[in-house]
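Side chains are part of it too, since the values below use all heavy atoms of this structure and drop only hydrogens, waters and symmetry mates. All of these numbers come straight from a predicted model, not from anything done at the bench.
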Amino acid sequence: MSATDVITPSRLKPMPVSQPVELSPKPSLIGLTREEMGAALREKGVADKQIKMRVSQLWNWIYVRGVSDFDAMANVSKDMREMLKTHFTIARPEIVEEQVSNDGTRKWLLRFPPRGAGRPVEVESVYIPEEGRGTLCISSQVGCSLTCSFCHTGTQRLVRNLTAEEILSQLLLARDRLGDFPDREAPQGTIMPAEGRKVSNIVMMGMGEPLYNFESVKTALLIASDGDGLSLSKRRITLSTSGVVSEIYRTGDEIGVMLAISLHAVRDDLRDMLVPINKKYPLKELMDACRAYPGLSNARRITFEYVMLKGVNDSLEDAKGLIQLLKGIPAKINLIPFNPWPGTNYQCSDWEQIEKFADFINSAGYASPIRTPRGRDILAACGQLKSESERMRKTERLAFEAMMIANHGED
């Protein structure tokens, strides 16, 4: 599969999905820490001396075996299973729509309960298979509270945060659909890595600003990287932020995953316009937080995402400023050709100028791949995501672009 392929509507293949099911009012055991799961069982009458053993059983069935039905838990007594079914759920979210392209990119539109939003809400998860890896892009919010001027997603108001359960459920569902749990088979004809896990990497780059939903994202990612469960390496998990400086420090200390920064400008006056959160956390503070991020090395770099806007941020002076700004930070720079959307006043930089920009950065010793996105024509690319869970739904976006999702985290 080529990372530069463009998905056109004629290549989309809607996949059959299950009939809509009633959104369960029962609390889910997915997304609970071990301590929280133990407390939930204790409240339903499980004896203290059994709590540790029961939590271990459930953890293994949910995150190692990937079951979504308590009756599948063969080593749990019938009475215990009945109690669990009465009070809890481990069901997956409803799949409203599944699409798959000829190159293997898959998109799921998922429905979750209202939880304060008035009506059920919908988000997307996207899976991109590549040579040697399979990357899942996960959403952290329904909508976005940031108003980055070049980003279509930023024109949608925030509906609500996703819970830790809802964040993790995107990963569990993807592994279900790809046959990525033990004793499961992938759908016939599915494109995926030839060896190892089908979902080997995850990126928090879907809808929303992950660091404005810190606690839920933290809980979900710590469970995803738990060695006795889903067991994803933290070097294969990347969190992307627009620059919530206070939470970047916490991310390094409390989560410890790979970091990506949506940068897009090297001067405060310009970044104030493109990425308004810069008014609260200007570039100096952002770069200080990056330099202090734990564990940085040439093998553990921060990725800086830089959208190329014609006549705005694409001059060689901007390239020089970028090199100066990142001095001392082990970094990789993803250059992103701007993806137009209806009503935008921006244009994509000319390809010749993008290449000159990239050559200058490469000559300074920084890797600067140019990421050509998929799905531009159906508003599927970077910065084009916009769900119509403005109060409800959106069904047209295929891949959350390959270029930001590709090459994040360890191979």
Side-chain angles (χ1 to χ4, degrees), residues 144-155 205 209-212 239-249 251 259-293 296 301-341 343-371 382-384 403-404:
C144 186
S145 61
L146 303 178
T147 55
C148 300
S149 62
F150 59 88
C151 181
H152 198 206
T153 313
T155 66
M205 293 184 182
E209 165 55 65
L211 296 189
Y212 277 160
L239 184 150
S240 178
T241 176
S242 292
V244 187
V245 167
S246 59
E247 305 304 296
I248 289 175
Y249 289 105
T251 299
L259 184 67
I261 303 292
S262 294
L263 186 62
H264 313 305
V266 298
R267 307 189 319 269
D268 280 321
D269 61 334
L270 179 57
R271 197 165 190 267
D272 286 350
M273 180 179 67
L274 297 178
V275 188
I277 194 176
N278 194 72
K279 297 173 184 176
K280 183 174 183 179
Y281 301 111
L283 283 168
K284 184 181 185 306
E285 292 183 23
L286 177 58
M287 293 303 107
D288 287 346
C290 290
R291 288 185 177 90
Y293 200 74
L296 288 185
R301 297 172 292 177
I302 294 176
T303 299
F304 290 89
E305 295 144 0
Y306 194 94
V307 66
M308 299 298 292
L309 301 170
K310 185 174 182 178
V312 176
N313 66 351
D314 63 349
S315 71
L316 289 185
E317 286 301 313
D318 289 303
K320 293 175 184 176
L322 183 56
I323 299 304
Q324 189 63 33
L325 186 70
L326 301 185
K327 189 174 182 179
I329 303 174
K332 177 175 69 176
I333 301 157
N334 275 354
L335 299 181
I336 306 168
F338 174 65
N339 300 300
W341 43 270
T344 182
N345 293 320
Y346 294 109
Q347 298 177 45
C348 182
S349 302
D350 296 332
W351 192 256
E352 181 181 2
Q353 185 63 22
I354 296 176
E355 289 185 327
K356 287 181 180 178
F357 197 101
D359 288 344
F360 186 90
I361 295 171
N362 279 315
S363 68
Y366 290 93
S368 56
I370 301 169
R371 299 299 178 197
C382 170
Q384 292 180 317
M403 92 259 128
M404 285 188 30

List the residues meeting side chain to side chain contact (heavy atoms under 4.5 Å, CB included) with [X], not counting sequence neighbours, and say none if there are none.
| X | result |
| --- | --- |
| Glu285 | Val245, Tyr281, Pro282 |
| Ser315 | Glu317, Asp318 |
| Ala364 | Ile323, Tyr366 |

Quick one: side chain to side chain donor-acceptor pair (under 3.5 Å) partners of Asn313, sequence neighbours excluded?
none
Using the test side chain to side chain donor-acceptor pair (under 3.5 Å), find all partners of Arg267 that sit at least two apart in sequence or belong to another chain.
Asp269
What's the spacing between [X] [atom1] and [Y] [atom2] if we round to 0.5 Å?
| X | Y | atom1 | atom2 | value |
| --- | --- | --- | --- | --- |
| Leu296 | Ile329 | CG | CD1 | 8.0 Å |
| Ile248 | Leu211 | CD1 | CG | 6.5 Å |
| Leu274 | Leu309 | CG | CG | 6.0 Å |
| Ser349 | Ile336 | OG | CD1 | 11.5 Å |
| Thr303 | Leu239 | OG1 | CG | 12.0 Å |
| Leu286 | Ser262 | CG | OG | 10.0 Å |

Which side-chain N or O atoms in residues 352-359 pair as donor and acceptor under 3.5 Å with protein atoms at least two apart or in another chain?
residue : atom : partner : partner atom : Å
Gln353  : NE2  : Asp314  : O            : 2.8
Glu355  : OE2  : Trp351  : NE1          : 3.0

Can you list the residues that meet the salt bridge (Lys or Arg N to Asp or Glu O under 4.0 Å) rule with [X], with sequence neighbours excluded?
| X | value |
| --- | --- |
| Lys310 | Asp350 |
| Glu209 | none |
| Asp288 | Lys284 |
| Lys280 | none |

Which heavy atom in [X] sits nearest to a heavy atom in [Y], and how many Å separate them?
| X | Y | answer |
| --- | --- | --- |
| Cys290 | Ile261 | SG-CG1, 3.9 Å |
| Ile277 | Tyr212 | CD1-OH, 3.4 Å |
| Glu305 | Ala260 | OE2-CB, 3.4 Å |

Are side-chain heavy atoms of [X] and [Y] found at a separation under 4.5 Å?
| X | Y | value |
| --- | --- | --- |
| Phe304 | Leu325 | no |
| Ile370 | Met308 | no |
| Leu322 | Leu263 | yes |
| Ile302 | Leu326 | no |

Go through the side-chain N and O atoms of Thr241 and Glu247 and say whether any donor and acceptor fall under 3.5 Å apart.
no
Where does the angle between the aromatic ring planes of Tyr346 and Phe338 fall among parallel (under 30°), tilted (30 to 60°) and perpendicular (over 60°)?
perpendicular
Checking Arg301 side chain against Ile333 main chain: does a donor-acceptor pair fall under 3.5 Å?
no
